Asks: 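There's a structure below that I have some questions on.
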Amino acid sequence: MPVVTLPDGSRRTVSPGATAADVAREIGPGLAKAAIGARVDQRIIDLSAAITHDCSLSIITARSEDGDALRIMRHSAAHVMAEAICKLFPETKLVYGPPVENGFYYDIDLPRKLTPDDFRAIESEMARIVSEDRPFTRYEMPREAAMKKLRAEANPYKIDNAERAEGDVLSFYVTGPEPGKYWEDLCMGTHVPSTSRIGAFKLLSIAGAYWHGDASKQQLQRVYGTAFPTRKELDAYLRQLEEAKKRDHRKIGQELNLFVIDPLVGSGIVLWKPRGATVRLLLENHLRGELVRHGYQPVFTPHIGGLDLYRTSGHFPYYRDSQFPALFETDRARVLNELWVAADARGDADGLSLSETKWLDELRRIDEESWNRLAGPDGALRADAGNRKHNLHVIRDLLAGADGFLLKPMNCPHHVRIYASEPHSYRDLPVRLAEFGTVYRYEQSGELSGLTRVRGFTQDDAHLFCTPEQLLDELSGCLSLARFVLDTVGLSDYRVRIGLHQPGDPKFIDNPEGWRKGEAALVAAAQASGLSFVQERGEAAFYGPKIDFIVKDCIGREWQLGTVQVDYNLPERFGLEYVGPDNRAHRPVMIHRAPFGSLERFVGILIEHFMGAFPFWLAPVQAVVATVSEKSAAYGRELTDALRGRGLRVELDDSSEKIGPKKHRARSQKIPYILVVGEQEAANRTVNLNDRDGQNLGNVELHTLMARFLAENVPPLSNAPSHS
RNA sequence: GCUGCUGUAGCUCAGUCGGUAGAGCGCGUCCUUGGUAAGGACGAGGUCACGGGUUCAAAUCCCGUCAGCAGCUCCA
């Protein structure tokens, strides 16, 4: 007879055929009543599942803290929602309906477009099913029989799901006591014992989603909902969603006049207004100080670069679709470029591609001489694979001096050329070139979002050129700098991801040895830094692996901030060298790193982090001097000037309002301090100090105020010892 | 880029059945010269995103474009 070990370590022998529910009942009626599932060893099972072997067992109740209970209940809610939708819209084809972090969804294929107006009807149908207190009944069928049944139902999605499922047996869940009479769904489980155990639920939104997450497949309708054990918890969650929206940097950015995105300028192009620009500048200046301390050297490079630069780096072919269109000097350059891209894309395949033929014809029309060179002396075009390289070379040769320009998508090629502009000895290394460099990427329109995803942004970029022996130390220095900027602003809720390449995926440069060394170095540096991190395949940059610092925004979306990347490829592509102690040329290793990531995204996240209430050192306006009446206006002006004279960002409010409204306005602008000055303060040379949280901090003398402000006007950690 | 939703004053929003536009906040002027979470009066401000269409008549109905929002996909 099986023996189960309970969470408290006690053991129980169960009779053959006994279920998890039976065990719960033996332990106590209260537990049996609260139970909605069970965990056997590491697997979650139905209460109705039989215990067949020795195992550890814990009963999951609605109150279980680890989220299993919520997931089970939400998965069941997804079934109930699917049944409701099928009942209301019988032509619905179900696809896939899992629980997710804050609720559940079900993907459906339905020609009629659902709208939020349909939610009420679906929810009341769900409520009816819940009130019927129908048991979830699992039954299993041998794979072949199950496939036959599914094929008869002719839902291609479920057939596909079944084909992807593992095992010889497929399971189905009936929302009712017996198969055949109630709605059912192919499903591996787990479910609550009965529909009445689904607490409070609500449908939230509807959106498109691609089948299998593949943009080339057809689009399904995804209905999102959520469920909680009680109405109260659901309401609390909905309130929390509302609260989170108040943090939204797009809203706060508007309210506090930080930035604007003007359609006339372009979507995804950020205009920094004075107050937002101040925040950004303060962050930049703070980091500039750190860069000097860490041996970085400043460089400046302009916003465009020659196309051939990006052919050499690989950016032009690899990311052509997400770049602003290139600027060509002539039609001929445009055609030759199209031809180059087409030839490059063909790879080593034999024969000309359709677009190569098209652009060759075009070239012949406008510039027969160039066409002749490509075609060769005999007039026959060299189309075979062996000549692809030759053709690419000839095209670049033809373009020399008459090419085109690209808005720079990255700063690295420019920095690489600065490195290459003079010889380097191993004694000079590492060379660390830093620039707040603005780059332009033509992001898909549906991806643009406030400051977090834009088409022009400024990276706090730097490129380090070092010897292989120096790599680990340099990586460690970069990692600690990235942590330093996060620590400085108190962003502690981040995760660290090491992005590795996917061998064989053509989006990564083919250089197995470089990848191997780079990935090993990054993992070693991350381990040495004591960071906890996850490794994810396929998340590398095309030229090398990277470590990313990832944070969530107010609605839970993840964004990459700081990044540290190892690159063995660009030095190779550009033929970079340094002279080693052996007096021979060696290839340096490159590190790309940006602790903030992009200033736009970082400030966006920071606005949400602080809810617009920036700490004193970062506040665009640090204090408002509010005069009680005209009798204290002169003193107010004098005070404002004195504070400004010490570099503090102070504004004067001498409008003909009363103190109440003046304070209200300053607080709604999240200005840290309000300095109220009336006749009394003017006479005593004091100010009445108020903070933005509503505290009146009493009257202080001017020198006390000044000392306090100057002490507070310093970024945290500024005096910390060197962290590299 | 895809699917859905949305677009009315600087901001937040109302606008019924198709009949030529409204509030609050903000802004300006004036009154008030005041003591700690919104003082009062008056006023300016609109090609109802843009372009077509239906209609005697369109903010309203239809189509297209642009932009925003949510999700998907993408993200050097």
Side-chain angles (χ1 to χ4, degrees), chain A residues 100 105 107 113-117 204-224 245 248 250-251 254-255 257 260-264 266-268 310 313-316 318-323 408-413 439 441-450 452-455 459 461 499 507-509 539-544 546 548 555 557 559-560 563 565 567 570 592 594 601 626-633 654-668 674-681 688-690 692-696:
Chain A
V100 289
Y105 66 78
D107 284 347
K113 299 295 180 192
L114 293 181
T115 75
D117 294 339
L204 296 176
S205 65
I206 181 139
Y210 298 107
W211 191 31
H212 289 162
D214 182 343
S216 67
K217 296 271 180 17
Q218 79 264 40
Q219 205 158 20
L220 308 164
Q221 300 190 67
R222 177 170 294 179
V223 187
Y224 282 92
K245 281 188 192 150
D248 193 316
R250 293 166 293 195
K251 183 176 159 67
Q254 159 103 287
E255 290 165 352
N257 268 311
V260 64
I261 296 171
D262 177 2
L264 204 53
S267 52
Y310 298 107
S313 69
H315 290 96
F316 186 52
Y318 271 87
Y319 286 99
R320 192 154 183 256
D321 289 342
S322 45
Q323 287 159 3
K408 70 179 178 188
M410 289 188 86
N411 300 302
C412 35
V439 298
R441 300 177 186 174
Y442 194 78
E443 305 286 6
Q444 299 184 72
S445 59
E447 283 311 328
L448 300 174
S449 179
T452 42
R453 191 81 182 265
V454 294
R455 285 180 171 164
Q459 297 176 310
D461 212 356
K507 85 177 190 186
F508 301 110
I509 285 179
E539 295 295 331
F542 79 88
Y543 47 74
K546 55 182 186 153
D548 294 326
I555 49 177
R557 290 183 289 212
W559 301 101
Q560 172 199 314
T563 183
Q565 313 176 349
D567 184 357
L570 286 186
H592 309 234
R601 182 176 287 177
T627 55
V628 172
S629 76
E630 280 175 5
K631 298 193 185 87
S632 52
D654 59 357
S655 64
S656 66
E657 288 287 358
K658 294 190 181 181
I659 290 298
K662 288 188 186 188
K663 286 181 69 172
H664 174 77
R665 186 157 31 181
R667 286 193 181 124
S668 62
I674 302 124
L675 312 178
V676 175
V677 293
E679 290 178 86
Q680 200 187 100
E681 286 78 11
N688 183 258
L689 185 60
N690 297 262
R692 62 186 157 199
D693 303 318
Q695 294 263 351
N696 187 322

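The chains referred to below are lettered A, B, ... by the order of the sequence lines, with proteins before strands, and numbering in each begins at 1. Since the structure is predicted, the reported quantities are computational estimates derived from the model, not experimental observations.
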Asks: Hey, is A/Y319 doing a stacking thing with B/A76, by the 5.5 Å centroid and 30° angle criteria?
Replies: yes

Asks: Rounding to a whole Å, what distance do you find between A/Q565:CD and B/A76:P?
Replies: 8 Å

Asks: As a quick check of understanding, evaluate salt bridge (charged side-chain N to carboxylate O under 4.0 Å, His left out) for A/D248 and A/K251, giving each step before the final call.
Replies: CA-CA 5 Å; A/D248 193 316; A/K251 183 176 159 67; over 6 Å; no

Asks: Is any side-chain N or O of A/R250 under 3.5 Å from a base N or O of B/C69, one able to act as donor and the other as acceptor?
Replies: no

Asks: Quick one: label A/K113 by what it contacts on the DNA or RNA (base, sugar-phosphate, nothing), any heavy atom closer than 4.0 Å.
Replies: sugar-phosphate

Asks: Donor-acceptor pair under 3.5 Å: do we get one between A/Q219's side chain and the base of B/C2?
Replies: yes

Asks: Counting only Watson-Crick pairs (N1-N3 plus N6-O4 or O6-N4) and G-U wobbles (N1-O2, O6-N3), all under 3.5 Å, who is the partner of B/G28?
Replies: B/C42

Asks: Across the strands shown, which category fits A/K662 at heavy-atom distances under 4.0 angstrom: base, sugar-phosphate, nothing?
Replies: nothing

Asks: Tell me whether the side-chain N/O atoms of A/S267 come closer than 4.0 Å to OP1 or OP2 in B/A67.
Replies: yes

Asks: How long is the line joining CG of A/N257 and P of B/C25, in whole Å?
Replies: 19 Å

Asks: Look at all strands and tell whether A/Y224 reaches a base, only sugar-phosphate, or nothing, counting heavy atoms closer than 4.0 Å.
Replies: sugar-phosphate

Asks: Report the base-pairing partner of B/C72 (Watson-Crick or G-U wobble, both distances below 3.5 angstrom), or none.
Replies: B/G1

